[in-house]
There are 2 protein chains.
Amino acid sequence: MDLTGLEPVERRSTAAIVADRLREAIMRGTFPPGTQLGEVELATRLGVSRGPLREAMQWLVAEGLLRSVRNRGLFVRDLDAADVRDVYAARAAVERAAGLLLIAGDRAAAVVRLSASLAAMEAAAGDPVALADADHAFHHELVAASGSPRLQRMADTLLVETRMCLAALQDNPPPAEDLLAEHRALLDAVRTGDVARLTTVLEAHMADAVDRILAPAGESAVSA
Amino acid sequence: MDLTGLEPVERRSTAAIVADRLREAIMRGTFPPGTQLGEVELATRLGVSRGPLREAMQWLVAEGLLRSVRNRGLFVRDLDAADVRDVYAARAAVERAAGLLLIAGDRAAAVVRLSASLAAMEAAAGDPVALADADHAFHHELVAASGSPRLQRMADTLLVETRMCLAALQDNPPPAEDLLAEHRALLDAVRTGDVARLTTVLEAHMADAVDRILAPAGESAVSA
DNA sequence: GCTCGTATGATTGTCAACAATCCGCGGCGC
DNA sequence: GCGCCGCGGATTGTTGACAATCATACGAGC
């Protein structure tokens with residue numbers, strides 16, 4: 001018999017739920033970088049007490065999304081140019097490793113799932129936000145297909161930071177066609193199992209993204 | 001004037017201190033995998049209240065060192081064979097990336113620091129625990145020299161998990177000479193700036209470590 | 001006019017008590 | 001004998017209030 005989707009009854013702790021909610025908000029740019037997150041206000045607005053909220057905060061601090069200043073409060077980390085480069089460098093490392101594992105493993109299944117993600121991207125090409133979501137999902141799938149829980153966790157954290165970078169330039173969205181072309185190349189490299197090409201394409205993809213974000217030279221989030 | 005070491009006055013939050021203490025204990029094998037960490041007992045023994053302790057716990061859960069079961073408690077994660085392989089695969093990815101950045105950056109300074117770490121390892125060759133510490137420090141330095149805060153954080157987390165794996169087989173320590181040879185090769189690859197060789201040596205190093213841990217076939221920590 | 005000291009306000013850090021939930025064991029019915 | 005039900009113990013989850021700390025603004029002194 002098929003018990004798919006039956007087992008995971010585990011009710012998540014409220015702290016985890018709150019953390020997810022906050023992560024989503026930070027990712028989406030609801031809390032711009034540098035914003036102070038007052039505990040009492042957030043607690044009341046989320047309908048939880050300060051205890052679970054603080055646990056959720058610490059969780060996000062551990063992920064590097066929040067910056068904790070003692071007796072001052074918690075602030076949304078703002079990413080400067082160096083951070084943007086760092087995020088994408090780390091992503092390149094993680095996703096390359098995931099790609100290698102993926103190619104060595106069940107490549108066919110991965111191609112199917114990635115194709116679906118790519119199709120979703122193409123369908124969302126018109127809406128910048130939806131496109132960013134689909135882009136996010138594609139890379140999530142890429143790493144998920146590797147079957148490595150640790151790479152997965154790292155990638156998810158980095159993807160959230162990526163969205164934070166992107167939220168800064170949601171006014172002038174990147175050209176959808178370029179983005180799609182790069183992802184098609186990525187999928188193609190996976191399909192053919194060409195490790196060297198995957199590495200090249202991936203690094204080019206990351207480099208392009210960095211350029212797109214840092215292109216408006218100095219404006220937006222470039223502080224130090 | 002020189003203000004080196006003057007600025008960082010920042011007093012860490014108690015939760016962070018507790019987290020460090022617990023991380024150290026878990027790493028050292030004070031709490032064997034699977035151990036339940038009772039909140040009240042730990043809180044009293046650490047001299048803090050349950051509030052900060054819980055925050056520290058959540059921090060460690062976020063790092064993947066603890067497993068939280070709702071209304072049951074927190075347990076030290078025990079790593080099975082798949083986890084061991086995963087840890088080292090992720091480490092290979094992260095440390096390779098760090099090595100690349102390092103070679104592209106200030107290689108000379110890195111070589112100096114890594115040489116010191118290697119010397120420390122050689123000095124500690126007699127004592128298995130000290131050797132493991134020095135090994136840990138070497139890889140920490142390797143990633144630190146890359147200058148990437150995100151790779152750094154990932155690596156540190158993975159290194160703690162590595163120590164958890166190692167704690168299981170502290171009865172039969174690995175041959176020190178092999179370990180030293182592998183690290184000398186690593187340092188040499190960095191010194192010459194040979195990226196391909198660094199990758200090869202690094203992956204061999206990780207593969208060897210996995211073999212050493214999983215060699216006693218099934219005993220120790222291999223559960224599911 | 002500038003600087004130092006002080007008062008104030010807000011925020012976080014910490015604590016102890018309450019409530020909800022879950023496991024294990026004994027008894028009952030079948 | 002076997003399975004189900006309910007109870008006791010323990011643990012976590014959550015809450016609200018208290019205390020410590022820091023930034024800011026104001027006024028006195030030089």
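Residue numbers start from 1 in every chain, and the chains themselves are labelled A, B, ... in the order their sequence lines are given, proteins ahead of strands. If you're wondering where the values come from, they're calculated on a predicted model, not measured in any experiment.
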For the pair made of [atom1] in [X] and [atom2] in [N], what is the distance, rounded to whole Å?
X	N	atom1	atom2	result
B/E55	D/dT14	CD	P	14 Å
B/N71	C/dT21	CG	P	8 Å
A/I17	D/dG13	CD1	C1'	12 Å
B/R70	C/dT21	CZ	P	8 Å
A/L66	C/dT12	CG	C1'	15 Å
A/R67	C/dT11	CZ	P	17 Å
B/R72	C/dC22	CZ	P	10 Å
A/L53	D/dG13	CG	C1'	15 Å

*B/R54 vs D/dG13: side-chain N/O to OP1/OP2 distance below 4.0 Å*: yes
*At under 4.0 Å, does any side-chain N or O of B/T14 touch on OP1 or OP2 of C/dT14?*
yes
*Just checking, any donor-acceptor pair under 3.5 angstrom between side chains of B/W59 and B/E55?*
no
*Can you tell if the side chain of A/L102 reaches within under 4.5 Å of the side chain of A/L142, non-hydrogen atoms only?*
yes
*Do B/L79 and B/P33 come close enough that some side-chain heavy atom pair is under 4.5 Å?*
no
_Geometric class of the B/H205/B/H183 ring pair [parallel <30°, tilted 30-60°, perpendicular >60°]_ = perpendicular
_Residues touching DNA chain C, which here means a heavy atom under 4.0 Å, drawn from residues 33-51 of chain B_ = B/V48, B/S49, B/R50
*asked:* Taking side-chain contact (heavy atoms from CB on, under 4.5 Å) as the criterion, tell me which of B/E161, B/R96, B/H139 meets it with B/R91.
replied: B/H139
*What is the minimum heavy-atom distance between A/A144 and A/Q152, and which atoms define it?*
CA-OE1, 2.8 Å
